[in-house]
Amino acid sequence: MNSLTLKSYAKLNLVLSILNKRPDGFHELKTIFERISLFDTITLKKTSGKILIRCAHPHVPKGPKNLVYRVALILKQDFGITQGVEIAIEKRIPVAAGLAGGSSNAATVLQGLNRLWNLGLSDAQLIAYAAAIGSDVAFFLYDSPYALGEGRGEKIKALPIKTKLWHVLVTPRLKVYTKDVFGALNLKLTRKKDDVNILLPFLKEDNLYSICSNLSNDLEPAILALKPHLGLLKDKLLDAGALGVCFSGSGPSVFALAKSQKHAQAIRAAFDKRFAQVFVVSTI
Ligand code: ATP
């Protein structure tokens with residue numbers, strides 16, 4: 001095998017609870033991840049020597065700052081691989097948008113290089129590499145549409161849930177930096193209810209209306225403190241007929257829940273594509 005093409009999916013957080021700040025500076029969190037049908041396409045090709053990244057997106061780093069470069073370098077060093085690899089990323093997942101595009105790409109390349117370079121890494125070993133590379137990476141190694149995330153997001157428990165949700169995903173064309181959001185977070189104001197365990201039974205039962213009224217993201221006050229007008233985006237989705245709305249991760253992406261694909265498409269029509277990228281996506 002000389003090359004391999006793989007899909008790299010995005011995620012949403014149906015609930016994101018921030019529990020506390022740890023001595024290492026990371027926040028302890030509890031979240032429900034949902035894998036969604038929006039994906040990047042990644043092609044890996046064997047080459048001689050170097051790690052090369054090709055991506056037309058202007059904000060995707062092409063060198064060591066790209067998580068996929070780090071994955072390739074670590075594996076190359078740990079396994080004494082003399083070959084190189086060209087990693088071509090066709091980006092559809094908006095960058096720095098709370099959708100974990102970079103983490104998903106890292107997980108995909110980890111799985112891909114394990115096959116391309118015949119490394120023989122077990123699932124448990126891949127998961128250990130993922131946790132070392134970034135907070136959300138491990139989720140994408142589980143072939144599961146939903147998972148519980150704990151720790152800083154690297155401790156994953158797949159959830160055997162069959163519910164298929166339809167969303168309108170709106171990613172405003174503005175930047176909200178993860179570190180600024182955590183910087184603006186006032187932990188005293190965050191709720192102390194167990195939001196994950198409140199949502200879980202409704203998600204298992206496919207109780208759409210109760211799912212919608214129990215979406216939550218503890219980072220929302222911090223996101224809105226930085227970009228107050230993003231609150232209007234949530235209102236606009238509700239006015240357009242969405243059953244529930246929530247920020248994903250540290251934003252600025254906002255997702256809505258719809259009754260069906262058709263309903264989601266009708267909501268999407270209300271948005272001006274000059275100010276935001278708007279997608280209809282489902283659980284996958
Ligand atoms: P996080 O919340 O983990 O910061 P995110 O989902 O908000 O992630 P990403 O699309 O993963 O956003 O991008 C975050 C940053 O990671 C970007 O600013 C980009 O410079 C860097 N990055 C590194 N590797 C990648 C990659 N393969 N794809 C996209 N961005 C990447």
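Atoms within each ligand, like the ligands themselves, are counted from 1 in listed order. Worth saying up front: this structure is predicted, and the values here are computed from it rather than measured.
- Partner of V196 under the side-chain contact (heavy atoms from CB on, under 4.5 Å) criterion, out of L200, L199, I198: L200 alone.
- By the side chain to side chain donor-acceptor pair (under 3.5 Å) test, T43 pairs with T5, sequence neighbours left out.
- Between the H263 side chain and the G241 main chain, a donor and an acceptor come within less than 3.5 Å of each other.
- Nearest heavy atoms, Y129 versus D78: OH-OD2, 2.6 Å.
- Counting only heavy atoms from C-beta outward, the side chains of K11 and F140 approach each other to under 4.5 Å.
- With respect to D218 and K30, no salt bridge is recorded, no charged nitrogen being found less than 4.0 Å from a carboxylate O.
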Are any protein N/O atoms closer than 3.5 Å to the N/O atoms of ligand 1? If there are, list each pair with names and the distance to one decimal place.
residue, atom, partner, partner atom, Å
ligand 1, 2 (O), T178, OG1, 3.4
ligand 1, 4 (O), T178, OG1, 3.1
ligand 1, 6 (O), L99, N, 3.1
ligand 1, 6 (O), A100, N, 2.5
ligand 1, 7 (O), A97, N, 3.3
ligand 1, 7 (O), G98, N, 2.9
ligand 1, 10 (O), A96, N, 3.0
ligand 1, 11 (O), G102, N, 2.8
ligand 1, 12 (O), A96, N, 3.2
ligand 1, 13 (O), A96, N, 3.4
ligand 1, 24 (N), N66, OD1, 3.1
ligand 1, 24 (N), L67, N, 3.1
ligand 1, 27 (N), N66, OD1, 2.9
ligand 1, 27 (N), N105, OD1, 3.0
ligand 1, 28 (N), K91, NZ, 3.2

